[in-house]
**Student:** 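My questions all concern the structure below.
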Amino acid sequence: MSVPYNQRTHSCGELRAEHVGQTVVLAGWVNNYRDHGDNLVFIDLRDREGLTQLRFNVDTDPEATKRARTLRNEYCIAVRGEVLHRGDQVSKKFHTGEMPTGEIEVSVHEIDVLSQSETPPFEISDFVDTNEDLRLKYRFLDLRRPKVARAFRIRAQAARLIREYFAEQGFLEIETPFLTKSTPEGARDYLVPSRVQPGSFYALPQSPQLFKQLFMIAGFDRYAQLVRCFRDEDLRGNRQPEFTQLDLEMAFVKADDVMGIVEGCLARVWSEILGYEIKLPLPRMTYADAMSRFGCDAPDTRFGLELQDVTESLKAITADEFGVFANALAAGGIIKAICVKKSEGAEKLTRKITDGLTEAIKGIGGGGLATTKVQGTADAPEFATGIGARIQPYCAAICKATGAEPGDQLFFAPGKPADVAKYLSFARIRLAHELGLIPAGHFEALWVVDFPLLDWDEEEKRYVSPHHPFTMPLEEDIPLLATDPLKVRSQAYDLVMNGEEMAGGSIRIHRGDVQRRVFELLGISEAEAHAKFEHLLNALRFGAPPHGGIAFGFDRWTMRLVGTDSIRDVIAFPKTQRAVCPLTDAPSEVAIAQLNELGIDLSAELKAKRKAAEESSSMNVGDHIHKHGQ
RNA sequence: GGGGCCGUAGCUCAAUUGGUUAGAGUACCGGACUGUCGAUCCGGUGGUUGCGGGUUCGACUCCCGUCGGCCUCGCCA
C-alpha cells in the first residue's frame, strides 16, 4: 500500500502539540537528513509552509528506516506517521519561533519516494547566499528557500487585501488590452508585430492610462485593476521591464478623494501584514517645499539633514577667494549646504567618509563636494579643514543661515538649482546612512502635491509634461497658462514613503478648452493631438465627468512589506539588468520564416552576426561528435 | 552611452611584492555513530582561476580587449 500523497492531512508548517497522537500524511522535499547509524534517522521535511521533523526508528519501522537511508536532499517524498511530542527534546528553534512545529515530530511508519533529485546546483538553504544569476537560472529551486518563498506569500496576501479593499469601496476590476496602440510620449514601448496587418505594430501598455479614463466616460465611476505594465527602459534595482501596478480611476472626485482612498489602502495593508499603524491623514508637502528642503520630489522624511540656502551669505565671495563658488554665483547659480550637527555624529565623519562621498558625487556628474568643520566658540565660530580657509570671511553669516555651531560639519554644493538639488539630495541620503540616522522598521509616508504642470526641456527647447498631458492644472492657476506657464501648478499628487515614490496620479482635464491650451503649450498641434490621442479626445466630447486617479507600484509596496531593496526578490521570474531571463534565455532569436510571415527583415549587420554565430556553433557540434567518435 | 564593484572547486570565499604542487568551509561520494535539529567524527573525489591576447624566466596576481553579473548617472510622461 502506498502513501496517498493526494490526501495530505497537514502542511509542513502546521503540526503542533495539540495534534499529538494523530496519524498524518505529509508530502514535501527533503530539507536535510541526519543519519544516526543503526537506530535513528531524522529528516526535515519542507513544503512552502514550513519544516517538520520526521523520525525513523529501525526498531519499530525497519522498512521505512531502510528507505530513509537512501534519501538525499531535495528528494520529493510522502510519508504517513504518528505525531509525537518531542518531550525534553523540543527544538531550540521552537522557542525562538524559527520552527513553529519544533515541539513535535512525526514518527514515520510508511514512506514513498515520489521523485528523486539530482544534487542541486546550490544549497537550498537560508544560510547560504548564492550568486543571483545562478539562482535565477534555477529559480524553481531558489523559490523553495523559505526566505525567498516568504516574499511571494506576502505578495499574494497584499494583492488579496488590496482587491478586498477596493471591492469594499465599490470599485470594479475590469481588464484592459495588452495589445494596444503605441503612445508617442513617455517611455519606449515594447512592440508586437501584427501578422494580419504586416508592417503595423501593437504596443504593450506602459499603463492603462487612456483606457481607465474611457471607463470614467463610460460611467463605470470607480475602476481599479492590478495590472501588468511594460516599459522598454534600462533596468534598476527597483525597475523591471514588466511590473505590476494597482491602477485606479474615479469619477466625480477631487484630488482629496483619490488621496483618501489610497492612503486608506496603504494603512490597511501595513496594518494587516506588518501590524504597523500608519496615522491618517498623511501629511502633505508641496513640490516646491520638497525641492527646497530636500532637493528631491520624493523626500525621505525619516531624518533631518535638510538643505539650507547660503547664497545670500556668500554673495560677496570673489574668484580669488574661492572660484568654484564665485563662478557659480556669477552664472546665476545658487549655493546650498547641509549641516551635520555634532549631535548627529559629525565627529564620525572621517576623511575616508568625506572623500568617498566626494568621489561618489563625481560619479553622478558633479564636481565633488566642498566641506568644512566648524570650530571656535558659539560667539566666534571658525571654519577648519577643507575649504574653511577660503570662505572664512563668510563664516558668521553661513553659521547664522544654517544654524551651524562648533562641532558641526558643513557640506556645500554650488551651481544651477537642479544640480545643487541633485548632488545635495544624494549627499544627504548617503550621509544619513553613514551616520546611522535612518531608524530601522520605521515608515514615513506623505503626499507631495502641487507639482508644476510643465517643465522646460532645455535640449529640445520646449515644454514637457512631468506627469502626462491630461493632468488638470490647479483651478486658480489656469489664468497663468496664458501668461506664465512654468508657474502653473497641477492637480497631481505622489505618495512618497521613506524617500521612494509609491504612487502617482492626478485629476484629469475634462474641459476641451483647457486641454487644447495644454496641447498648444506642449507644441502638440491639433492634427497631431488627434493622430495620437483621437480616441480619448473623441470620448471627451460626450459628457466626460470630472475624474482623476492614481497608480501605485505594487512591486514597490511589496518590497517595503518584505523588507528588500531588490525588485527581483518580489518577482517570481525576473530579468537581469540586460533584460534577459536567465531561466528561459528570453529574448531569443526566431526563425527567419517567422519573421517573413510578419514582413520583418533583419538589418545586414544583424544577419551577418547571426550567420557568424551559426557557423561557430555548427563547428562546436562537429568537435563534439569528433570527440565522442574517438 | 558614462562611472563604480565583481568573476578562483557544484556553492561561499582565501591565496603576502608577480614566485615552488592554487587552499579552506560547505556540498557530493564512502565509512563510523542511539535523540539529532545548519548533527558530529574519519577518509575521499573535485580546478581551462569567465574567455582571448600581451608583458615576464615565471601571471589568480600586471597590461589590453572581450563576455557576464550587480550598483549607479543618463533614461524611465
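Within every chain, numbering begins at 1; the chains are lettered A, B, ... in the order of the sequence lines, protein sequences first and strands thereafter.
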**Student:** Who passes side-chain contact (heavy atoms from CB on, under 4.5 Å) against V90(A), sequence neighbours left out?
**Tutor:**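 By the side-chain contact (heavy atoms from CB on, under 4.5 Å) rule, V90(A) matches H85(A), R86(A), F94(A), H95(A), E103(A).
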**Student:** So, OP1 or OP2 of C71(B): does either fall under 4.0 Å of a side-chain N or O from N238(A)?
**Tutor:**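 Negative; the distance criterion is not met.
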**Student:** Under a 4.0 Å N-O cut-off, is there an ion pair linking D44(A) with R34(A)?
**Tutor:**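 Result for this pair is yes, salt bridge flagged.
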**Student:** OP1 or OP2 of U40(B) less than 4.0 angstrom from a side-chain nitrogen or oxygen of R34(A), does that happen here?
**Tutor:**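 No.
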**Student:** Can you tell me which residue pairs pass the salt bridge (Lys or Arg N to Asp or Glu O under 4.0 Å) test with a partner in residues 579-589 of chain A, sequence neighbours excluded?
**Tutor:**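 Sorted result for residues 579-589 of chain A: E589(A)-R610(A).
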**Student:** Does D88(A) have any side-chain contact (heavy atoms from CB on, under 4.5 Å) partners at least two apart in sequence or in another chain, and if so, which?
**Tutor:**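 Applying side-chain contact (heavy atoms from CB on, under 4.5 Å) to D88(A) gives none.
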**Student:** Looking at residues 84-95 of chain A, who's got a heavy atom less than 4.0 Å off RNA chain B?
**Tutor:**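 Per residue number, the list reads R86(A), Q89(A), V90(A), S91(A), K93(A).
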**Student:** When you check the phosphate oxygens OP1 and OP2 of C76(B), does a side-chain N or O of Q206(A) lie under 4.0 Å from one of them?
**Tutor:**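 So the side chain of Q206(A) is outside the cut-off, no N or O lying under 4.0 Å from OP1 or OP2 of C76(B).
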**Student:** For R568(A) and C71(B), is the shortest distance between a side-chain N/O and OP1 or OP2 below 4.0 Å?
**Tutor:**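 Yes, because at least one side-chain N or O of R568(A) sits under 4.0 Å from OP1 or OP2 of C71(B).
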**Student:** Taking the side chain of R188(A) as heavy atoms from C-beta outward, which of C75(B), G69(B), G74(B) is closest to it?
**Tutor:**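 Closest of the options to the side chain of R188(A): C75(B).
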**Student:** For the side chain of Q577(A), starting at C-beta, report the closest nucleotide among U72(B), G74(B), A27(B).
**Tutor:**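 In terms of side-chain proximity for Q577(A), the closest of U72(B), G74(B), A27(B) is U72(B).
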**Student:** Enumerate the side chain to side chain donor-acceptor pair (under 3.5 Å) contacts for residues 416-429 of chain A, please, sequence neighbours excluded, ordered by first and then second residue.
**Tutor:**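 Pairs touching residues 416-429 of chain A that pass the test: none.
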**Student:** Under the side-chain contact (heavy atoms from CB on, under 4.5 Å) rule, collect the residues that match up with E14(A), sequence neighbours excluded.
**Tutor:**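 Result, side-chain contact (heavy atoms from CB on, under 4.5 Å) vs E14(A): H10(A), S11(A).
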**Student:** Is there a side-chain contact between R236(A) and the phosphate of C76(B), meaning an N or O under 4.0 Å from OP1 or OP2?
**Tutor:**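 False: R236(A) side-chain N/O out of range (4.0 Å or more) of C76(B) OP1/OP2.
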**Student:** Summarise protein proximity over nucleotides 29-34 of chain B in one line of letters, 5' to 3': B for base, S for sugar-phosphate only, - for none, counting protein heavy atoms closer than 4.0 Å.
**Tutor:** SS--BB
**Student:** Could you list the protein-to-nucleotides 1-7 of chain B atom pairs, N/O on both sides, closer than 3.5 Å?
**Tutor:**
residue	atom	partner	partner atom	Å
G2(B)	N2	G363(A)	O	3.4

**Student:** Scan nucleotides 41-45 of chain B against the protein and return all N/O pairs shorter than 3.5 Å with their distances rounded to 0.1 Å.
**Tutor:**
none

**Student:** Going by number, which of residues 120-127 of chain A have a non-hydrogen atom under 4.0 Å from RNA chain B?
**Tutor:**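 P121(A), E123(A), F127(A) - these, ordered by number, are the residues of the stretch whose heavy atoms sit under 4.0 Å from the strand.
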**Student:** Base, sugar-phosphate alone, or nothing: which one does E359(A) contact when heavy atoms must sit under 4.0 Å apart?
**Tutor:**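 Nothing, no heavy atom under 4.0 Å.
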**Student:** Heavy atoms under 4.0 Å, any strand shown: does G237(A) hit a base, just sugar-phosphate, or nothing?
**Tutor:**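 It contacts sugar-phosphate atoms only.
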**Student:** Using side-chain contact (heavy atoms from CB on, under 4.5 Å) as the criterion, list what pairs up with T358(A), not counting sequence neighbours.
**Tutor:**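 So T358(A) forms a side-chain contact (heavy atoms from CB on, under 4.5 Å) with K362(A), L369(A).
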**Student:** Have a look at R430(A) and say if it touches a base, only the backbone sugar-phosphate, or nothing, with a 4.0 Å heavy-atom cut-off.
**Tutor:**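 Nothing: the residue R430(A), judged by heavy atoms under 4.0 Å, touches no strand.
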**Student:** Ignoring hydrogens and angles, does a donor from either the side chain of R239(A) or the base of C75(B) sit under 3.5 Å from an acceptor on the other?
**Tutor:**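 A donor-acceptor contact between them is present.
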**Student:** Would you list the pairs meeting side chain to side chain donor-acceptor pair (under 3.5 Å) in which at least one residue belongs to residues 117-128 of chain A, sequence neighbours left out?
**Tutor:**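 Every candidate side chain to side chain donor-acceptor pair (under 3.5 Å) pair involving residues 117-128 of chain A fails, so no pair, neighbours aside, qualifies.
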**Student:** Under 4.0 Å, counting only non-hydrogen atoms across every strand here, what does L51(A) touch: a base, just sugar-phosphate, or nothing?
**Tutor:**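 L51(A): no heavy atom of the nucleic acid under 4.0 Å.
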**Student:** Run through D555(A), D565(A), D569(A) and flag the one making a salt bridge (charged side-chain N to carboxylate O under 4.0 Å, His left out) with R560(A).
**Tutor:**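 Result: among D555(A), D565(A), D569(A), D565(A) is the only option passing the salt bridge (charged side-chain N to carboxylate O under 4.0 Å, His left out) with R560(A).
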